[in-house]
Amino acid sequence: MADSAGAPRPSSSVKLVLLGEAAVGKSSLVLRFVNNDFQENKEPTIGAAFLTQKCNLPQRTIKFEIWDTAGQERFASLAPMYYRNAQAALVVYDLTKPTSLVKAKHWVAELQRQASPGIVIALVGNKLDLTSDNAGTTGEGEPGGGDGDARKVSTEEAKIYAEEEGLLFFETSAKTGYNVTEVFTAIANAIPETSLKSARGPGAAGATSRTEEQRVNLNGPRDPNAKEGCAC
Amino acid sequence: MLNLSSFVQKAQQLLDPTQGLNLSDPDRNPSKASLFQSQFRLPSSQHPLYEITAELTIPPANATQGDKDHDRGFRYAGKLHISESYLCFSTTGSSFLQSASTTTSSIFTGQTHGGGPSGNGFTLPLCAIRRVERLHSQNFQFALAITTWNGIGQDDKAKDGSKDRKEQRITLQLAGPRVTCERFCDGLKKGLRAAVGNVGKLKKVISECYSEYLLRPEDKKNAAPPDAGLGMMFRYPGDPKKLRDRAKMRLWAEYLRDNGRNMTLLRQPTFHKLIRVGLPNRLRGEMWELTSGSMYLRLENPTLYADTLTKFSGQESLAIDEIEKDLNRSLPEYPGFQSEEGIGRLRRVLTAYSWVNPDVGYCQAMNIVVAALLIYMSEAQAFFLLSALCDRLVPGYYSTTMYGTLLDQKVFESLVERTMPILWEHLVRSDVQLSVVSLPWFLSLYINSMPLVFAFRVLDVFFVEGPKVLFQVGLAILRINGEELLDATDDGAFISVLKSYFVRLDESAHPKSENPKLRAVTRFQELMVVAFKEFSGITHSSITELRLKNKDSVLNNIENFAKRTAIRNLGPDSKLLSTEELGALYDRFYGVLYERQQRDLIIKQERARRAKSSRSRIPDMASSHDQAVEKGRVGLGPSTSLMDYDAFREFLASMSKWAISDSPATPRRETFPEADRGFYGSLNKRPDAMLSPWGAGPEPADHEFLRRLFVKWDVSSSAALTLQNVVSGLARIKGKRDIMGTINYFFELHDDDGDGKVDREGILRMSEALLFLSRRGLEGTLSPTNSTLTLSTMGDGSQNDVSGQTINERFLGSVSAFIRRCFEYADPDHPNNQPAATQKTTTGADTSDDQLASPDAFAIGDDDDDEDDLLAMDSPPGSPKAAKKAEPSSQHAPSIGRTSLSTATSTDPKDRRRVSKAHSERANIALDPSNPLHITLPTFRMVVLADELLEQFFESSFPASFHITEGLNSTSATSSSSLTTFSSLGLGAGRAVGAALGGAPGAPAGGRGLRGVLDNIVTDGMRVAQEVVRRMEEAQKELERNAVPGQRNDEDEEEDEDDAVAPGAGKNAAYLGDAERRSVRNSDRDLLSGADAEASDVTAGASVPGRASVGSEGSSGGISGGGAGKVVGVEFEG
């Protein structure tokens, strides 16, 4: 992951934080994105885990500094420590568990009020592999998981909410890998150019000021990946 | 000598910063008991009872090896302490006497700095003492020889020769005046007697200790060794050769043979050294248990673990769900936790703990810690060690708010700032948040940060020396990596520097050194040296001090976060209230819960203290008072977020004056205008106030209305309210600010079965509620805040005192009218009467107020209202004409009331008569008990709107009576003097009520001082209303006999006037109001005395517990102490 000095594209790092109820698959999403791997038993995240991964866009390279936070309710009070200065957030819910969407909405509200003003938020419904419309079930077929549709949160409902709040929206499966990279690519695209710092630049010193002016409006057709995201 | 000692004490006070502050905060001034407990790692049941300076001699006979000094043995000077069931000795001279200063109680020497069994000595359970003899000694000194039950687990057979050799015997020379020595011996004797029964427990506990097996002679080792953790099955982490496990085990075996094992272990300098080099695998669990003190917890209740599992077997909980999610992911790399055996153990320990400590339940990271413990110890041992961790070693780390974790991060940060200013500055400059990396270190006690073998080494020291070890190690990590960290400019780089450091802990710290010895030093050894040498200045007391300093800000942060989250997560109803209101509600809600818990605790402690001090002569019990744990504070993880009915009353009483009890018994009436009931108001500053069941606040009323409100808000019928319930409930009253909403709500509140009808009983209850709510005057309402001109008629600016009273009186009139109208317009339940009812309800809504109101305007108050109403409707708001017109009318109300009525109602007198006639007919039908009746919401609405005062009540007074944000501070001052009751009307111009209910009380009331009258009378209004319910039945009968429909209009009015002038002069029994009047009048005396009786009942009831606790007189006749020369000992065999 070390910076290749002669990278053809300008590279910049983006701090991204994952939030969401316990066991919705935050760490698994990250693991899929970073290592293209899936583990049934991951150690629970204590405080937060830190990982990095690059995302190549046509014009530039984004280096994600991913803060994967603990999901247990009582760790919520630690969250401000992690979403501080974050430029992007992935708010994850489990689409087989309606309460997790409620929790996700709380996180969105918290971020909108407390996080950096320009933060790009993506709402992600995970565990699509457990639903009957698991569109992207390509790889790793699910052994013995074919007992119908466990979906409890409709795409419509979450999508409408995401549109109201100006969030990116995706349904994913960390298990099959469906739509995972797309989420991160969409976030990378949505990060305004101006708020990017260079990967090995003067550090995060300017972090506090850099996001002051821009408030990204993600409503409407501005986001090039929106259509992909909802293609499930 | 005396002078000197007092001088010393003064000096100590000067030196000890916490002393001078004289703060009541238990943290700042920890009780002697808690200092004692933490020094000797004793359970919280233990208190320092006696102490004496003494010299401990460990005779050479115990030394098995030949090379020790046979003549003298080991001698240590120190202090000997005795608690309920422990005898403790420490070379640390701490004193835990009540008279001792905090400094002397927390004198720390040695490595543990008061955070653990410091210095040399022992912590001996009294039940582990087999025999105490008084030795003959020169110079009149007391010398005790103590023989312990060391090795009790295995001398069942070997009773002969070998026994003597094994017997552990120590001598203690007491220093001090004879009286003191004798007293101490008495105490010891008493304790020993009480402890005899616990020898069985002791045997059970030590049977699970590996040391017993280890020290068994070779020929008896055939029995299976006790469980020393999963490591016995799945191997212990690390290479035993590399760890030099055998050598360590040998050294420990020797030490234990010489100095006693487990419960009877004596701490000598070697003990601490042996721990520093790392414990051998199979003894590790037991030593952790011993040094952390969790072994003493196990001794207290050896079967708690098994019992808990049995008791809760098969039950479900949130914690269990959370535990299940993590079982497969706790140290998954250790083979033991890839097996059902290991997972099962982990599940049971975590589950059992979540049951015994539901406040903590389960927190991620506990799984990792417990998994680590289970490698070295049995389930029961791990269970108790987990308790010791959560309660004492890392308090608050795993609580629901994790305040301990956050606090220690703050402490850690300030230590870094202090010890490594350059690094700290770099962190600040590069905007790296230290806790992002350090939090997991502390939370999982380095277990998932370092390779396991090293993490366990840290734990070895941590359990003896306490939490400061975590800080020392953390600081050392940063110091060692300082240079590289200075190059790191963001969180990511920072983390990766440390990650790679941890991976290479087993490498040489100086790989390039010429010196082979230096080359052999591993990075971990270097870490330990830096931690404990370079940071030896980090002591338990410096940690405590920093925790104290940061505690408030950390808790406030957490509370702000919790509040923000909670408020944001409230349902859509909450949008009806302002942010300030929600914030204030949140504060009030948790404030009440918190204060109540504090109060309960203090009352309980006080009771225990009184009970104890009256029972025994033990001098030191007072200390339990300041032990108050700050349970319930949100930041600490609220132990409850549910409000029961009593708390609800108290909650309402903090913001609504009608919710304050009128009981004259309330002792704190004078102090009532309380300064500031801030969130978590400093409780301990008013300990006496806290002893009253309601604290320093006003005693809340208990009225049916409160109960109804509670039930209504308690949506889930769980007999407890959540914040959400309270917010939703208030949102409906206060949020919409529309009169219809409030009227509907009030109606629903009394519509028990939700069928949209309120029956006769309900009507009466409604009126009672109205009286209840208004008895301290109507609020905000009638001040001309809104542009409503009607309000200005109430008084010209000075409406607060003079006309304020008039308003309240008139409200009573309105209520009485309300009752009457309700009955008049009620729908009969009987199907035959249905057509009439429907007809009425349809017309009801359209009928203009004055028409409806006028027939019933028998109380003059009403007359005014009607006129005001008219004015308000006729003239546009803001018209000066209307205001002018209104003013005189209100001023002259008494005299011109009738006139104004006639003008007001003269719009269509004929029509009015006709209507009223019809109505009264209907009313009479309605009153027939054989014709059950009810009112519907439209009727209720109509009746309310018919009366301007009632209308205003629902429009603004009732909602305004909940002072959510500002509380009662400003208004409360006047509340007690503005009580409006039927009787108080006698003081002023009590026409309205006089008319409605008979003016008799006016006479006696007038004779007394206002306050005295009020105190007696406060309940009367309510009583009368209740009485009305009863009298109503009688009235109905009378009505049936005497009813003369349609006969009343002008005559009634006239009569009302008469009544007002000469109370109780009503004669016309033809009329409901009259009947009411009379019957109430007749029973006034009873009522008054009844109210008094009830009030005194309440006081008697309230004072009962206090009296009971005081009453239990001590029965302990002093057991006179062992005299000189006698053997003080008691010998217990078996």
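To find a chain, count down the sequence lines: A is the first, B the second, and so on, and within it residues start at 1.
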When every non-hydrogen atom of B:G342 is compared with those of B:F337, the smallest separation belongs to O-CE2, 3.6 Å
Looking at A:F64, does the NZ or CZ of A:K54 lie under 6.0 angstrom from its six-membered ring centre and within 45 degrees of the ring axis?
no
Comparing B:S496, B:P440, B:G492 against chain A, the one with the most heavy-atom pairs below 4.5 Å turns out to be B:G492
Taking every heavy atom of A:R74 against every heavy atom of B:Y398, the minimum-distance pair comes out as NH1-O, 2.6 Å
So, the part of B:V360 with a heavy atom under 4.5 Å from chain A: the answer is both
If one checks every heavy atom of A:F75 against chain B at 4.5 Å, the contacting part turns out to be both
Applying a strict 4.5 Å limit to non-hydrogen atoms, the region of B:E333 in contact with chain A is side chain
Polar side chain donor-acceptor pair, B:S330 to B:D326, under 3.5 angstrom:
no
Okay, B:E322 and chain A: the region with an atom under 4.5 Å from a heavy atom over there is side chain
The interface call for B:L327 against chain A, heavy-atom contacts under 4.5 Å, is neither
If one checks every heavy atom of A:A79 against chain B at 4.5 Å, the contacting part turns out to be neither
The interface call for B:N557 against chain A, heavy-atom contacts under 4.5 Å, is neither
Test your reading of the model: is there a side-chain donor-acceptor pair from A:K15 to the backbone of A:R84, 3.5 Å cut-off?
yes
Exercise. Can you check side-chain contact (heavy atoms from CB on, under 4.5 Å) on A:E157 and A:L101, steps first, answer last?
Worked result: CA-CA 10 Å; A:E157 181 193 352; A:L101 179 63; 3.7 Å; yes
